[in-house]
Amino acid sequence: MIGTFENRIFMPVLTCLNMRILQLHCDNIEYTPTKKEIKSAEDIVDLQTQRLEELVVVFVAIENGDDSSVAQNAISQIKASMEKIGCKKLLLYPYAHLSSNLAKPSTAMNLLKEMEDGASELEVSHSPFGWTKSYKIQVKGHPLAESSKVVTKDSSGLKDDNEITSDALKGESKIRSYWKILSTDGTMTNIGDFDFSKHKKLEVLAKYESAKIRKVDQPPPHVALMKKMGIADYEPASDSGNMRFYPNGRLIKSLIERYVTDRVKEYGGYEVETPIMYDSEHPSMVSYFNRFPARQYNIDSEGKKLFLRFAACFGQFLMANEYQLSYKTLPYKLYELTRYSFRREQSGELVGLRRLRAFTMPDCHAFCKDMPQAIDEIKTRFDLSQSVLKELGIDETDYDMAIRFTEDFYNENKSSIEELVKKHGRPVLVEMWKEKFFYFVLKWEFNFIDGLGKASALSTDQIDVENGKRYGIDFVDENNVKQNPIILHNSPSGAIERIIYALLEKAAKDSREGRKPQFPLWLSPTQVRIIPIKEEFDEFVEILAERISINNVRVDIDDRNESIGKRIREAEKEWIRYILVIGEKEANSQNLNIRDRQTGDVREISFDDFITEINEQTRGKPFTGLNLPKYLSKRPNLMV
RNA sequence: GCCAAUGUAGCUCAGCCUGGUAGAGCAAUUGAUUUGUAAUCAAUAGGUCAUGGGUUCAGAUCCCGUCAUUGGCUCCA
């Protein structure tokens, strides 16, 4: 799986055997018992409406398995938080709907009584047990007014629901890692001793990762650009972090997707497609969750608790399970471009295209027979990733490399690790773990550093030594013995949205530094814009556009009734590389006068030379036609 | 998720402090103009001032809640 530093455990709500409480600090509450819900309901005399003011209301669901210690635990935690908010009146409100695994009514009533007794120093009461009640409640507005909790037998007891973490994760903060810089000659230097003067971006990355130093006070420029260029935007009717892509954005994204997929297939990955949702209670998922947490979207459907995938791993592992693998067929590589993978990232983390809740991720797993084969393979994939980024328009100076491994793995594979660093050609940031904590023994990634000093990972690969076994994937080795493969998890480009983010941030930087921002030509929504000077050239222009477009070039025509100056200005604002102004002179000539945005000059060139010049720049890249009307007069403006 | 800032026409923003007729530029529409390499001219239309409450004779403006975006924290592909 890619992205192991997601630190939230999945905790199926229905399987918790703990008291669940919802605590509200209220101005007032009014409730009226209406009718008995169960036979064993509490006997009460007073059926009048009760009204209480300035109090804490605690809705309680007592679950199967709760006992006296849980009740004591709960009440002492409630008392502690009431002291914090300075409130002395408490109403315990039995509320079965917080749980679907309720305790027997008799047990519940006893525990409720026990809680009430445990708070005798407060003004405490409870609403009748087992009755249907109507109620009206006014909750206060301060931040501590509302909290929901799960109380366990454990003495540490009470935690906010979303703070529950697995043992594995609790341990994560105790991981001992050493941050170093590994140079191309194999020397390891402490970060404090390293001379960063020639490696500014690496310094940013090192500080970002190890010391958490960041300084930014403005929105990332790509957010305005993605709207202005008609690429992508927020979709208010969806959840945060789920973007809409306009025609220009879809065209760019689709071309990048196709390019990455082509490259992975060329490398030997076989493209598959797997479901986007899985049953969290399916046996193959249960143990996985306890080890590989990510916050995810959950869906309840016909009694199943489904979740949206946060990576392509499960699908490919389950599929690999169906193969009869032999050492002779390894390494075997499965690949999927997930549209989408979902991670319910914390809302405060989401910015433009940099970090999303729904994203498109190329994910290629290689199943290898042993460590030497895995190491061999990871080198090939390293080259692939470097080359893919370069061809996408992100060159080596735009990113820096981080590599993480266990101390044991380093000692046994020093030369291979150094070889990766040499391929990168510059010093890299190292995180070395004293012991294996995650499912992998090595992970490297390329981090794009944007103009504001923000680092985000693009390409990555990992050597996974656990999931083969966990998923029961096996192959037969040379000695006819079943073994579990070592699995590599590679994304050669990282998330596609993040590539677009990187390209836009690069463009913004160019613009800031006085250069003209530009997409790589093969990704430009319009590659050539034709501007006829007068209507009388319309027919000539139509034919010219056709001649250009059959050579796999995206060409459009600005036939609007606007001045030449204005139309050129707008083409420039769309970052269109080539502009052809067509008038008398051109209509009577074999040559074209092209305005080249890269130089800003107008030059005369023959038709064939022009096509050749374009095709040379787009060679080896996928092509698709215009994704907007050919005539600008037919094109509504997108004002975002 | 926590802390903070922001939310006014399709877009960018002014007005808010000090409550009393909703404002500009760009875009759109219509008309004129037929243009030679980064903005032709004129007219018209366009707004429950994010949203829900509160205070007030009166709320875009003051107060509170909610939602969204952005920054920081935490986190990371």
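Chain A is the first sequence line, chain B the second, and so forth, proteins listed ahead of strands; every chain is numbered from 1.
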Next item on the list: Please state whether the phosphate of B/rG72, meaning OP1 or OP2, lies under 4.0 angstrom from any side-chain nitrogen or oxygen of A/Lys454.
Entry: yes
Notebook entry, point to check: What about A/Glu586, does its side chain sit under 3.5 Å from the base of B/rG36 through a donor-acceptor pair?
Noted result: yes
Next item on the list: Let me know the distance between CZ of A/Arg343 and P of B/rG1, rounded to the nearest Å.
Entry: 19 Å
Margin query: Going by ring-ring contact (aromatic ring centres under 6.0 Å, His included), name the residues that satisfy it together with A/Phe519, two or more places apart in sequence or in a different chain.
Written below: A/Trp575
Next item on the list: Could you pick out which residue, A/Ser347 or A/Gly494, lies toward the 5' side of RNA chain B when each is mapped onto its nearest nucleotide?
Entry: A/Ser347
Note to self: Centre-to-centre under 6.0 Å for A/Phe382 and A/Phe446, is that the case here?
What the structure shows: yes
Item checked: Side-chain donor/acceptor contact of A/Gln346 with base of B/rC73 under 3.5 Å -> no
Checklist line | Any residue of residues 533-545 of chain A with a heavy atom less than 4.0 Å from an atom of RNA chain B | finding: A/Ile533, A/Lys534, A/Glu535
Notebook entry, point to check: Could you give all pairs that pass the salt bridge (charged side-chain N to carboxylate O under 4.0 Å, His left out) test and reach residues 597-606 of chain A, with sequence neighbours left out?
Noted result: A/Glu572-A/Arg597, A/Asp596-A/Arg603, A/Arg603-A/Glu613
Expected list for residues 531-539 of chain A: side-chain donor-acceptor pairs under 3.5 angstrom, two or more places apart:
none

Note to self: In whole Å, I'd like the distance from the CG atom of A/Asn637 to the C1' atom of B/rA27.
What the structure shows: 6 Å
Notebook entry, point to check: If only atom types and distance count, is the side chain of A/Asn248 paired as donor or acceptor with the main-chain N or O of A/Pro525 below 3.5 Å?
Noted result: no
Margin query: Students often mix this up, so state it plainly: with edges at 30° and 60°, are the rings of A/Tyr578 and A/Phe610 parallel, tilted or perpendicular?
Written below: perpendicular
Check: Nearest-Å distance, CD1 (A/Ile530) to P (B/rU35)?
Finding: 20 Å
Note to self: I need the CG-P distance between A/Leu350 and B/rG71, as an integer number of Å.
What the structure shows: 11 Å
Every protein N/O within reach of nucleotides 38-40 of chain B N/O, cut-off under 3.5 Å:
from, atom 1, to, atom 2, distance (Å)
B/rA38, OP2, A/Arg595, NH2, 2.9
B/rA38, O4', A/Arg569, N, 3.4
B/rA38, N6, A/Glu572, OE1, 3.2
B/rA39, N9, A/Arg569, NE, 3.4
B/rA39, N7, A/Arg569, NE, 3.2
B/rA39, N7, A/Arg569, NH1, 3.1
B/rA39, N7, A/Arg569, NH2, 3.3
B/rA39, N6, A/Arg569, NH2, 2.3
B/rA39, N1, A/Arg569, NH2, 3.0
B/rU40, OP1, A/Ser563, OG, 3.4
B/rU40, OP2, A/Ser563, OG, 2.4

Item checked: Length of the CG-C1' vector between A/Asp233 and B/rA68, whole Å -> 12 Å
Between the protein and nucleotides 50-52 of chain B, list every N/O to N/O distance that falls short of 3.5 Å.
none

Next item on the list: Just call it for A/Pro636: base, sugar-phosphate, or nothing, with non-hydrogen atoms closer than 4.0 Å on any strand.
Entry: nothing
Notebook entry, point to check: Can you check the A/Arg357 CZ to B/rC75 P distance for me, whole Å?
Noted result: 17 Å
